[in-house]
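What follows is a short report on a single structure.
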Amino acid sequence: MLVNAANMLKKARDGRYAVAQININNLEWTKAVLQTAEELKSPVILGVSEGAAKYMTGFSTVAAMVRAMDAGLNISVPVALHLDHGSYEASKACIDAGFTSIMFDGSHFSIEENTEKTRELAEAAHAKDLSIEAEVGSIGGEEDGVIGAGEIADPGQCSLIASLGIDFLAAGIGNIHGVYPSNWQGLDFDALEKINGATNQIPLVLHGGTGIPEEMIKKAISLGVAKINVNTECQLTFAAATRKYIEDGKDKEGKGFDPRKLLAPGVEAIKQTVREKIILFGSDNKA
Ligand code: 13P
């Protein structure tokens with residue numbers, strides 16, 4: 001069932017669990033995430049970066065595929081189709097393309113420009129019943145060529161952006177995309193506490209969900225985080241399982257020519273990663 005993400009995240013915040021945003025790259029990824037969310041009776045958010053959408057030939061193709069697959073698989077749990085780190089232009093395009101949720105990432109603009117654009121896009125999104133996430137303080141690391149320095153968001157700016165009618169807020173607290181370096185300082189919980197206190201119970205979003213230790217995930221959820229994004233971990237487990245299948249020579253009989261067989265171990269690995277995340281975030285049986 002395709003829905004916007006506003007209610008599922010309000011419920012998560014009240015119930016002290018988080019909904020997983022799993023980024024998708026193709027049909028196999030999408031099917032694996034939908035089937036696993038259904039298996040665990042969990043709401044889920046499918047994240048689509050601009051780069052992934054381009055790879056899949058555009059936002060409309062993604063929306064058509066996800067809608068058809070959701071119906072074809074008889075998915076009963078709530079599913080949001082969400083633009084990840086969208087530009088102003090991509091946010092507008094997704095509102096028209098059939099997405100149910102967008103993230104406008106105006107964190108690289110001045111706070112004035114971020115405010116102005118976020119306010120405008122919140123109105124446009126809500127007019128078509130989409131939910132909207134905004135960002136303050138860039139998330140570190142690189143995702144699809146977008147590089148952030150990993151600032152800690154300012155609670156005053158978070159309060160301002162949260163008051164613009166958005167549905168959930170991503171605030172940088174030392175989290176980064178990709179694999180964490182060995183000298184990573186960890187999440188800044190003092191900052192998270194201040195941001196949580198300044199943003200009137202808005203569900204908070206933690207990007208960079210790959211590689212954050214379990215106890216930090218749980219503490220973040222206790223401080224208002226209701227959505228956690230995971231991308232890199234699925235890519236790593238998919239690649240490792242595919243590589244192992246080939247190196248083990250399981251496709252010796254020539255079955256490796258069949259893409260359905262070749263991709264099967266990777267798909268199983270994605271499902272297992274998604275299962276682990278849903279259970280760790282506590283959203284199983286919450287649909
Ligand atoms: P990871 O790269 O840590 O999985 O983070 C994904 C993310 O935050 C997508 O927005």
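Atoms within a ligand are numbered from 1 in the order they appear, just like the ligands themselves.
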Who passes ring pair (Phe, Tyr, Trp, His ring centres under 6.0 Å) against F168, sequence neighbours left out?
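For F168, the residues satisfying ring pair (Phe, Tyr, Trp, His ring centres under 6.0 Å) (neighbours in sequence not counted) are H82.
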
Ring-ring centroid check H85 H108, cutoff 6.0 Å
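H85 vs H108: aromatic centres not under 6.0 Å.
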
Taking the six-membered ring for Trp, are F99 and F59 closer than 6.0 Å centroid to centroid?
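Yes, close enough.
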
Could an N or O of ligand 1 be found under 3.5 Å from any N or O of [X], whether backbone or side chain?
X: G208; result: yes
X: N23; result: no
X: Q21; result: no

Of all the atoms in ligand 1, which lie at a distance below 4.0 Å from a heavy atom belonging to [X]?
X: G209; answer: 3 (O), 5 (O)
X: V230; answer: 4 (O)
X: H85; answer: 10 (O)
X: H207; answer: 8 (O), 10 (O)
X: G178; answer: 1 (P), 2 (O), 3 (O)

Looking at ligand 1, is there an atom of it that comes within less than 4.0 Å of some heavy atom belonging to G47?
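G47 does not count as a contact of ligand 1 under the 4.0 Å cut-off.
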
Out of K227, H177, E233, H82, who gets a non-hydrogen atom closest to atom 7 (C) of ligand 1?
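Ranked by closest heavy atom to atom 7 (C) of ligand 1, first place is H177.
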
Selected option - heavy-atom contact closest to atom 2 (O) of ligand 1, from T232, L206, I22, N175
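Heavy atom nearest to atom 2 (O) of ligand 1 belongs to T232.
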
For the OG1 atom of T30 and the CG atom of L46, what is their distance to the nearest 0.5 Å?
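The OG1 atom of T30 sits 6.5 Å away from the CG atom of L46.
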
Just checking, K117 and F104: is the charged tip under 6.0 Å from the six-membered ring centre and within 45° of the axis?
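Here K117 fails the 6.0 Å and 45° test against F104.
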
Can you get from L236 to I278 by hopping between Ile, Leu, Val, Met, Phe, Trp and Tyr side chains that sit under 4.5 Å apart?
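Looking at the clustering, I278 is in a separate group from L236.
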
Using heavy atoms and a threshold below 4.0 Å, how should the contact between N231 and ligand 1 be classified: side chain, backbone, both, or neither?
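N231 to ligand 1: contacts from backbone and side chain alike.
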
Could you please spell out the steps behind the side-chain hydrogen bond (donor to acceptor under 3.5 Å, both in side chains) verdict for Q35 and E39?
CA-CA 6 Å; Q35 287 179 327; E39 171 194 313; over 6 Å; no

Determine which pairs satisfy salt bridge (charged side-chain N to carboxylate O under 4.0 Å, His left out) with at least one residue from residues 213-227, sequence neighbours left out, and list them in order.
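Sorted pair list: E133-K227.
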
